[in-house]
Amino acid sequence: MMQNIVLVGFMGSGKTTIGARLAKHTDRYLIDTDIMIGLQNSQSVKNIFDNHGEEYFRQLERHFIKWAEKNIQNAIIATGGGMPAFNSIEKLGKIFYLKIDFESIKKRLTQNELSARPLFENPNKAYELYESRQNIYEKCANISINANQPIENILMEILKYTI
Ligand code: S3P
């Protein structure tokens with residue numbers, strides 16, 4: 001059985017972008033947990049937060065993790081930024097932390113991408129959250145990757161560990 005490659009990190013750290021490139025390169029498919037959860041519930045993550053609250057979204061994430069543990073292998077999994085803060089994800093596969101500076105995140109995210117992220121509405125609060133998440137990502141990851149580099153370098157680093 002081939003282990004999944006799991007990407008964790010803060011909102012805007014490039015999990016989905018890098019996950020897509022990894023998927024193509026390794027001839028696997030990318031599973032984006034926010035998209036899967038949104039589709040299963042016929043609404044965007046933003047609407048789930050607005051209509052049901054964060055706690056409900058975290059339950060949906062937990063539900064996804066249980067399903068993924070049993071049913072997904074040999075895939076790339078891009079997680080929502082809070083997933084490892086609320087639930088254990090160690091059984092999902094080999095975990096890579098995309099570690100990036102807060103300034104780089106702000107540069108990467110467009111206005112559209114910001115408005116799709118309820119926990120990024122207030123930049124000061126987002127920064128506090130960013131700080132409080134660092135340890136969590138470090139602890140849950142098998143490998144930390146410097147994600148302030150060009151995407152090609154990030155890809156090469158991850159690929160080194162995934163043969
Ligand atoms: C969240 C990150 C988001 C999404 C939700 C909550 C978080 O995913 O799951 O808005 O708590 O950090 P991205 O990391 O893909 O933005």
Side-chain angles (χ1 to χ4, degrees), residues 1-38 45 54 57-110 113-114 116-117 119-120 123 125-163:
M1 183 174 115
M2 290 280 278
Q3 218 183 10
N4 298 309
I5 298 176
V6 183
L7 303 178
V8 303
F10 202 64
M11 295 175 265
S13 59
K15 292 164 294 197
T16 302
T17 310
I18 290 158
R21 291 289 305 274
L22 277 173
K24 191 72 180 170
H25 193 92
T26 62
D27 196 21
R28 300 180 193 192
Y29 283 86
L30 169 65
I31 310 283
D32 181 298
T33 67
D34 283 339
I35 293 178
M36 302 294 278
I37 290 168
V45 167
E54 178 171 355
F57 175 72
R58 300 306 175 190
Q59 282 175 34
L60 297 178
E61 285 192 315
R62 193 166 315 138
H63 189 73
F64 173 87
I65 294 166
K66 282 197 191 137
W67 176 80
E69 282 173 358
K70 287 201 200 106
N71 296 294
I72 300 182
Q73 61 184 54
N74 199 19
I76 314 293
I77 303 179
T79 59
M83 191 175 258
F86 293 85
N87 298 288
S88 162
I89 62 164
E90 64 189 5
K91 289 190 195 142
L92 284 185
K94 190 172 229 173
I95 304 178
F96 291 86
Y97 168 27
L98 302 182
K99 191 174 165 72
I100 187 170
D101 297 340
F102 194 68
E103 284 309 308
S104 309
I105 289 175
K106 281 205 292 193
K107 277 189 210 136
R108 282 199 69 232
L109 288 177
T110 63
E113 288 171 317
L114 284 176
R117 289 173 164 85
L119 297 181
F120 224 114
K125 280 201 180 149
Y127 183 68
E128 275 176 30
L129 191 61
Y130 168 88
E131 292 274 272
S132 71
R133 292 265 179 86
Q134 297 310 307
N135 278 338
I136 296 167
Y137 297 135
E138 300 270 5
K139 264 196 193 160
C140 88
N142 300 107
I143 297 145
S144 290
I145 302 282
N146 172 9
N148 297 298
Q149 326 175 59
I151 187 161
E152 302 302 330
N153 298 23
I154 301 172
L155 279 171
M156 272 191 331
E157 271 204 40
I158 297 177
L159 288 168
K160 272 198 312 213
Y161 294 98
T162 54
I163 302 152

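Numbering of residues begins at 1 and proceeds along the displayed sequence. Computed from a predicted model, the values in this text were never measured in an experiment.
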CA sep, side-chain torsions, deciding dist, call: Ile154, Arg21, side-chain contact (heavy atoms from CB on, under 4.5 Å): CA-CA 10 Å; Ile154 301 172; Arg21 291 289 305 274; over 6 Å; no
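- Here the side chain of Thr33 pairs a donor or acceptor atom with the backbone of Gly80 at under 3.5 angstrom.
- Salt bridge status for Glu103 with Lys107: absent, with no side-chain N to carboxylate O gap under 4.0 Å.
- The shortest distance between side-chain heavy atoms of Leu159 and Thr26 falls below 4.5 Å.
- Shown here is Phe102, whose CZ atom has more than 12 heavy atoms of other residues, nucleotides or ligands within 6.0 Å.
- Ring geometry for Tyr130 against Tyr127 counts as parallel: the plane angle stays under 30°, on a 0 to 90° scale with 60° as the upper cut.
- Ion pairing between Lys125 and Glu128 fails under the 4.0 Å rule for side-chain N and carboxylate O.
- More than 12 heavy atoms of other residues, nucleotides or ligands shown are found within 6.0 angstrom of CG on Asn71.
- Ring planes of Tyr97 and Tyr137: tilted class, angle from 30 to 60°.
- Ion pairing of Arg108 with Glu113 is absent here, as no side-chain N (NZ or NE/NH1/NH2) approaches a carboxylate O to less than 4.0 Å.
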side-chain contact (heavy atoms from CB on, under 4.5 Å) assessment of His25 paired with Leu155: CA-CA 9 Å; His25 193 92; Leu155 279 171; 5.7 Å; no
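- Of the inter-residue distances, the one linking Ile37 atom CD1 with Arg58 atom CZ reads 9.0 Å to the nearest 0.5 angstrom.
- Dense packing is recorded around CD of Gln149, with more than 12 heavy atoms of other residues, nucleotides or ligands lying under 6.0 Å away.
- With hydrogens and angles disregarded, a donor-acceptor distance shorter than 3.5 Å links the side chain of Lys15 to the backbone of Gly9.
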